Amino acid sequence: QVQLVESGGGLVQPGGSLRLSCTVSGTIFRQIPVAWYRQVPGKARERVAVISSGNYATYEESVKTRFTITRDDAQKTVYLQMDTLKPEDAAVYYCGTTVRGTTYWGQGTQVTVSS
């Protein structure tokens, strides 16, 4: 069974940084794309970034110059480096992947940006 576990969330001031981690098990990690999504109350889950098995990354426009998604195939982990955080970045962040037609999500990690 595919499992994903996020970590690294927390409370930061505007302008601060966090690095989120997503460790994946139960599949051949090097062959799958992994995405980071975020969700706030009353809104749909929004894709923030995705990285392919070939290390091609795409980003939502509002984070394109501030966030970086990377992967370490040896550690079976995807990272989201978040810099210059803004209050509007606050959300629960989830990593997810689709394997053989089924989408799997981690439990989420809370990111709070506040003075």
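Positions are given from 1 along the sequence. Note that this is a predicted model, so its numbers are computed, not measured.
When the salt bridge (charged side-chain N to carboxylate O under 4.0 Å, His left out) test is applied to Asp73, the partners found at least two apart in sequence or on another chain are Arg71. Take Gln1 and apply the side chain to side chain donor-acceptor pair (under 3.5 Å) test, not counting sequence neighbours, and it matches Tyr104. For Thr23, the side chain to side chain donor-acceptor pair (under 3.5 Å) partners two or more places apart in sequence, or in a different chain, are Thr77. For Thr103, the side chain to side chain donor-acceptor pair (under 3.5 Å) partners are Thr98, not counting sequence neighbours. Partners of Val40 according to the side chain to side chain contact (heavy atoms under 4.5 Å, CB included) rule, which considers only residues two or more places apart in sequence or in another chain, are Lys43, Ala91.
For Gln107, the CD atom is densely surrounded, since the number of other residues' heavy atoms within 6.0 Å is greater than 12.
Legend: salt bridge (charged side-chain N to carboxylate O under 4.0 Å, His left out) pairs involving residues 44-56, not counting sequence neighbours, sorted by first then second residue: Arg38-Glu46. Pairs of residues two or more places apart, or lying in two chains, that qualify as side chain to side chain donor-acceptor pair (under 3.5 Å) and include a residue from residues 49-61 are Glu60-Ser62. Sequence neighbours left out, the pairs with a member in residues 5-113 that pass disulfide (SG to SG under 2.5 Å) are Cys22-Cys95.
Looking at heavy atoms from C-beta onward, Asp89 lies in side-chain contact with Arg66 at the 4.5 angstrom threshold. With contacts defined as side-chain heavy-atom distances shorter than 4.5 Å, the pair Met82/Tyr93 qualifies. Within the 4.5 Å cutoff, the side chain of Tyr79 has no heavy atoms near those of the Ile69 side chain. Between Ile32 and Val99 there is a side-chain heavy-atom pair separated by less than 4.5 Å. In this structure, the side chains of Leu4 and Thr97 come closer than 4.5 Å at one or more pairs of heavy atoms.
At a threshold of 4.5 Å between side-chain heavy atoms, the hydrophobic network of Ile, Leu, Val, Met, Phe, Trp and Tyr places Val50 and Phe67 in two separate groups.
Taking all atoms of both residues into account, the shortest heavy-atom contact from Val2 to Gly26 is CG2-O, 3.8 Å.
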Hey, can you pull the donor-acceptor pairs under 3.5 Å for the side chains in residues 9-21, sequence neighbours left out?
unit_1, atom_1, unit_2, atom_2, d
Ser17, OG, Asp83, OD1, 2.8

Next item on the list: Under the side-chain contact (heavy atoms from CB on, under 4.5 Å) rule, what do Trp36 and Ile51 come out as? Steps first, then yes or no, please.
Entry: CA-CA 9 Å; Trp36 283 100; Ile51 187 164; over 6 Å; no
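When hydrophobic residues (I, L, V, M, F, W, Y) are linked wherever their side-chain heavy atoms come within less than 4.5 Å, the members clustered with Tyr37 are Val92, Tyr94, Trp105.
With values rounded to the nearest 0.5 angstrom, Lys76 atom NZ is found 10.0 Å from Asp72 atom CG.
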